[in-house]
Amino acid sequence: MYMSSPIKAALLGAALAITPMAHSAFADTLRVIRTNTESSLNVPMNRAVVVESEVPFAELSIANPSIADISSLSDRTIYVLGKSPGTTTLTILDGNGQLITNVDVKVAPDLSEFKERLRQILPDEKIEVRTANDGIVLSGTVSSTVRMQRALDLATRYAPERVSNLMTVGGVQQVMLKVRFAEMQRSVSKSLQASLATGGSVLDGDLGLELGTGNAAPFAAVDSVADKLGAGASSQGAILFGFNAGGLEVGILLEALESKGVVRTLAEPNLTSLSGQEATFLAGGEYPVPVSQEDGAITVEFKPFGVELNFIPRVLDGDQINLELEAAVSSIDPSSGIDIGAIRIDGFTRRETTTTVELRDGESFAIAGLLQDDFRDLNSQVPWLGDIPVLGALFRSAEYQREQSELVIIITPHLVTPTRGEALALPTDRVRPPSEKDLFLFGRVASDSRNLRGAAGEVAKQDFSGSYGYVMD
């Protein structure tokens, strides 16, 4: 391309005069001193660079005009404008057609503005910015994944789909999750039943009467009134009253029973994972369940049960932690099972939660809670006879049952780092096998572990004496 038109030069000079600040801030100058040499010139995209030659030139050419455009300001000055990322060659010839020099023009995205914006948004981060071909390469160490993502988002604005991430995240990136499952169940049951039966030799032994409620008095063709009322060694809370009036035998059976029960379930699984990686935990077992196939064959599928924990931690800015959590506590429940032919399949009792929360190091959250109160009151009586004042109590039955349960799941994340193995204590550190002398002469099943040091010694000093558990009023 030969640029000699004075009109073009005048228009270009006017454009430079109008916007001197836009180009002077990013202009660079390459001075061509010797002939037949090759030089390199870096041109920011959409910016201008001035090339000066000590030797007057007569002709200019650019290999790829789509990468860079050129204009001659004089016979010694060349104006080079970067258009798109890439590398091309600028050739300068003298009046005799002899080669003065070849200049490698490298056009890359303008990083000066990007670096300035990066320093403003992330002033404390040590991020290095470089160009590679037509893209941006980011390297260095950042303090968190959130700040790394901010730097990548900003770089994408300057070089869409051409950003290479070589940055590493410093600081603690491992999370230990402590989960506490606490469940309390209480049941109260009260029942009062009464039954009346008569018998004897009256009317030649044809007299037999049995009145009652509930399941306290199943009739049986036996001679004893007690057997008629079902009072035996297996009866609980049962009192039998009886008397004879000549040939008439009268028996009264009273059954009064009150039962209370409290169940406490507590599990505290701990699990450690790297930021962004999923971790799973199961303490329990697997229950075999038969499954019928299309061809009639029976296969076995194992269903897990116990304490289950799945979570994905993400360490955000500073000590802030994002958690995707799945927690469950399940157990086998024979009372909810089914019978399929000769096969008994038990059911499961399962409490689970799935949630996403954000906490800081050491903070706790009660992510799930359940309060359940089941109440049942039943009153049954013999028609008409149960309505008789005072004596009607012998023909009535009352039953009361109440069940209460409370479940709480609490999570606490911690940022952790590895430590030396001898600093960790195991559950077995407090118990050691006894020597033959201790076992046979003194009857000791475990030797004294008080001389242990470090964390294991602290565990060994603990004792099982004291108050444990909870009381539900």
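The CZ atom of R180 sits 10.0 Å away from atom CG of N270, with the distance rounded to the nearest 0.5 Å. R150 CZ to I121 CD1: the interatomic distance, rounded to the nearest 0.5 Å, is 9.0 Å. From S259, atom OG reaches atom NZ of K190 across 10.0 Å, with rounding to the nearest 0.5 Å. Put simply, CG on L309 and NZ on K178 are 13.5 Å apart, with the number rounded to the nearest 0.5 Å. Summarising the geometry, atom CG belonging to L166 is positioned 10.5 Å from atom CD belonging to E128; distances are rounded to the nearest 0.5 Å. T89 OG1 to L41 CG: the interatomic distance, rounded to the nearest 0.5 Å, is 11.5 Å.
Between V107 and K83, every side-chain heavy-atom pair lies at or beyond the 4.5 Å cut-off. Looking at heavy atoms from C-beta onward, T87 lies out of side-chain contact with N64 at the 4.5 angstrom threshold. Residues V315 and V175 are in side-chain contact: their nearest non-hydrogen atoms beyond the backbone lie under 4.5 Å apart. When side chains are defined from C-beta on, I321 does not count as touching E363, because their heavy atoms never get closer than 4.5 Å. You'll find the side chain of L177 stays beyond 4.5 Å of the side chain of P313, heavy atoms only. In this structure, the side chains of I332 and F348 come closer than 4.5 Å at one or more pairs of heavy atoms. When side chains are defined from C-beta on, V142 counts as touching I127, because their heavy atoms get closer than 4.5 Å. Considering only heavy atoms from C-beta on, P418 comes within 4.5 Å of Q174 through its side chain.
Listed by first then second residue, pairs satisfying ring pair (Phe, Tyr, Trp, His ring centres under 6.0 Å) with a partner in residues 294-343 number zero, not counting sequence neighbours. Within the structure, side chain to side chain donor-acceptor pair (under 3.5 Å) contacts touching residues 294-304 (residues at least two apart or in different chains) are Q293-T299.
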side-chain contact (heavy atoms from CB on, under 4.5 Å) for V179 and F181? Distances and angles first, verdict last. CA-CA 7 Å; V179 182; F181 298 87; 3.5 Å; yes
Begin with the C-alpha distance, continue with both residues' side-chain angles, and end with the deciding distance and a verdict on salt bridge (Lys or Arg N to Asp or Glu O under 4.0 Å) for E403 and R376. CA-CA 9 Å; E403 296 181 355; R376 185 179 67 175; over 6 Å; no
Using the rule given for side-chain contact (heavy atoms from CB on, under 4.5 Å), can you reason through L407 versus Q372, listing the C-alpha separation, both sets of side-chain angles and the distance that settles it, and then say yes or no? CA-CA 9 Å; L407 171 65; Q372 186 174 357; over 6 Å; no
After noting the C-alpha distance and the side-chain angles of S72 and I78, does the key distance pass the side-chain contact (heavy atoms from CB on, under 4.5 Å) rule? CA-CA 5 Å; S72 60; I78 308 169; 5.6 Å; no
Trace of the side-chain hydrogen bond (donor to acceptor under 3.5 Å, both in side chains) decision for Q404 with E406: CA-CA 7 Å; Q404 296 175 321; E406 180 179 0; over 6 Å; no
From CA spacing to verdict: side-chain contact (heavy atoms from CB on, under 4.5 Å), T77, V50: CA-CA 7 Å; T77 306; V50 176; 3.5 Å; yes
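Salt-bridge check for E308 with R350: passed, with a basic side-chain N closer than 4.0 Å to an acidic carboxylate O.
Across all non-hydrogen atoms, the minimal contact from S330 to P304 is OG-O, 4.2 Å. The minimum heavy-atom distance between A68 and V80, with the atom names listed, is CB-CG1, 4.3 Å. The two residues L154 and Y158 make their nearest non-hydrogen contact at O-CD1, 3.3 Å. Nearest heavy atoms, L138 versus A155: CD1-CB, 3.9 Å. Across A63 and T88, no two heavy atoms sit closer than the pair CB-OG1, 3.3 Å. What you find for T91 and L99 is that their closest heavy atoms are CG2-CD1, 3.6 Å.
Looking at T141, its side chain never comes within 3.5 Å of a backbone N or O of V169 through a donor-acceptor pair.
Applying the salt bridge (charged side-chain N to carboxylate O under 4.0 Å, His left out) rule to D339 yields the partners R344; only residues at least two apart in sequence or on another chain are considered. Residues passing the salt bridge (charged side-chain N to carboxylate O under 4.0 Å, His left out) test with E324, sequence neighbours excluded: R314. Not counting sequence neighbours, D333 has no partner by the salt bridge (charged side-chain N to carboxylate O under 4.0 Å, His left out) test. Residues satisfying the side-chain hydrogen bond (donor to acceptor under 3.5 Å, both in side chains) test with D153, not counting sequence neighbours, are Q149.
The number of heavy atoms from other shown groups lying within 6.0 Å of CZ (F440) does not exceed 12. In this structure, E436 places its CD atom where only 12 or fewer heavy-atom neighbours from other residues, nucleotides or ligands lie under 6.0 Å away. Dense packing is recorded around CZ of F281, with more than 12 heavy atoms of other residues, nucleotides or ligands lying under 6.0 Å away.
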